[in-house]
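Note that these values count all heavy atoms, side chains included, but never hydrogens, waters or copies made by symmetry.
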Amino acid sequence: EFTTLSNGVQVDSRIYPDLQRMFDDMRAQGIYPVVGEGYRTHEQQEKMMQDKIDAFRSEGYSKKEAKRLAKDWVAVPGTSEHELGIALDINAATDSSTTHEEVYQWLYDNAYLYGFILRYPEGKEDITGIDYEPWHYRYVGEEAAKEIYEGGLTLEEYKNTIQ
């Protein structure tokens with residue numbers, strides 16, 4: 001089941017209460033976030049990939065090179081966390097004076113308290129396989145989020161500690 005946010009973005013209904021609580025607390029502190037991306041269907045992910053390939057092709061890249069480059073920007077369909085509904089891209093609301101950096105810093109310091117983790121942290125690209133994305137958060141629940149945050153771990157590292 002999905003909950004549709006006021007801007008039309010959908011999220012897994014199970015994460016919505018904690019997301020709402022986190023956003024309410026941010027707003028109470030003068031930080032105004034927005035979920036720019038939430039759940040995506042497999043078809044939407046395929047379209048994103050094809051659009052990126054087409055963009056590189058229009059710049060003169062070969063089909064093979066355009067596909068390779070597109071994978072640096074868009075997750076291969078079937079591998080995107082957005083297809084799960086528990087991954088979010090959170091940025092500053094455009095109709096506020098809040099900056100992206102303010103949102104990212106607040107999330108970095110506090111998101112774990114609500115069950116969310118920074119999914120692709122800086123300096124961990126060799127572990128996650130994804131470039132640093134200060135806007136990309138994934139819901140893992142409060143207990144796991146706290147352990148990941150306090151341990152300075154990635155989800156991959158955390159999973160290895162519990163196996």
Side-chain angles (χ1 to χ4, degrees), residues 1-49 51-52 70-125 127-159:
E1 283 186 35
F2 294 96
T3 297
T4 302
L5 306 179
S6 61
N7 64 354
V9 173
Q10 292 187 309
V11 300
D12 186 304
S13 294
R14 295 170 295 178
I15 75 168
Y16 180 73
D18 289 327
L19 176 65
Q20 186 63 54
R21 189 168 52 92
M22 182 170 72
F23 274 28
D24 287 346
D25 289 350
M26 291 176 81
R27 290 182 192 110
Q29 295 176 35
I31 307 287
Y32 296 93
V34 66
V35 175
E37 288 284 336
Y39 172 70
R40 280 188 216 127
T41 65
H42 187 76
E43 293 75 23
Q44 288 170 319
Q45 193 67 30
E46 287 177 330
K47 182 177 179 340
M48 284 182 70
M49 177 60 80
D51 288 350
K52 187 55 84 171
K71 289 177 185 178
D72 289 340
W73 293 93
V74 178
V76 173
T79 67
S80 172
E81 291 192 336
H82 287 285
E83 290 180 59
L84 301 173
I86 60 173
L88 312 167
D89 290 348
I90 304 172
N91 294 292
T94 55
D95 60 350
S96 76
S97 61
T98 302
T99 67
H100 292 310
E101 290 71 28
E102 289 172 311
V103 169
Y104 303 156
Q105 187 63 54
W106 193 98
L107 289 169
Y108 181 81
D109 293 338
N110 299 288
Y112 75 96
L113 297 168
Y114 307 85
F116 292 88
I117 59 166
L118 173 61
R119 184 61 182 93
Y120 304 116
E122 192 169 27
K124 300 276 189 158
E125 295 86 351
I127 297 167
T128 65
I130 304 291
D131 287 341
Y132 171 53
E133 292 187 357
W135 55 83
H136 188 99
Y137 278 78
R138 177 180 171 151
Y139 189 81
V140 295
E142 287 182 33
E143 183 180 328
K146 183 177 188 225
E147 291 177 22
I148 290 167
Y149 177 80
E150 290 178 350
L153 304 172
T154 63
L155 183 58
E156 290 80 4
E157 292 169 315
Y158 176 72
K159 288 187 330 190

Using atom types as modelled and distance alone, determine if a side-chain donor or acceptor of Gln20 lies under 3.5 Å from a backbone N or O of Asp18. no

Indicate whether the side chain of Asp89 and that of Tyr137 have a donor and an acceptor atom separated by less than 3.5 Å. no

Backbone N/O of Tyr132 and side chain of Glu122: donor-acceptor pair under 3.5 Å: no

Show the numbers, then the answer: is there a side-chain contact (heavy atoms from CB on, under 4.5 Å) between Gln44 and His82? CA-CA 10 Å; Gln44 288 170 319; His82 287 285; over 6 Å; no

Residue that, paired with Tyr149, satisfies ring-ring contact (aromatic ring centres under 6.0 Å, His included) out of Tyr114, Tyr112, Phe116: Tyr112

Check this for me: does any side-chain nitrogen of one of Arg27 and Asp24 sit under 4.0 Å from a carboxylate oxygen of the other? yes

For Asp25 and Gln29, test the side chains for any donor-to-acceptor distance below 3.5 angstrom and give the result as yes or no. no

Could you check Trp135 against His100 for side-chain contact (heavy atoms from CB on, under 4.5 Å), going step by step and ending with a plain yes or no? CA-CA 8 Å; Trp135 55 83; His100 292 310; over 6 Å; no

For the CG atom of Leu113 and the CG atom of Leu107, what is their distance to the nearest 0.5 Å? 11.0 Å

Return the CD1 to NE2 distance between Ile90 and His136, rounded to the nearest 0.5 Å. 10.0 Å

Residue among Glu43, Glu37, His42 satisfying side chain to side chain donor-acceptor pair (under 3.5 Å) with Arg40: Glu37

Looking at Lys47 and Asp51, is any side-chain nitrogen of the basic one under 4.0 Å from a carboxylate oxygen of the acidic one? yes

Nearest 0.5 Å, what's the OG1-CG distance between Thr98 and Asp95? 9.5 Å

Give me each pair satisfying salt bridge (charged side-chain N to carboxylate O under 4.0 Å, His left out) with a member in residues 111-120, each pair once, sequence neighbours excluded. Glu81-Arg119, Arg119-Glu156

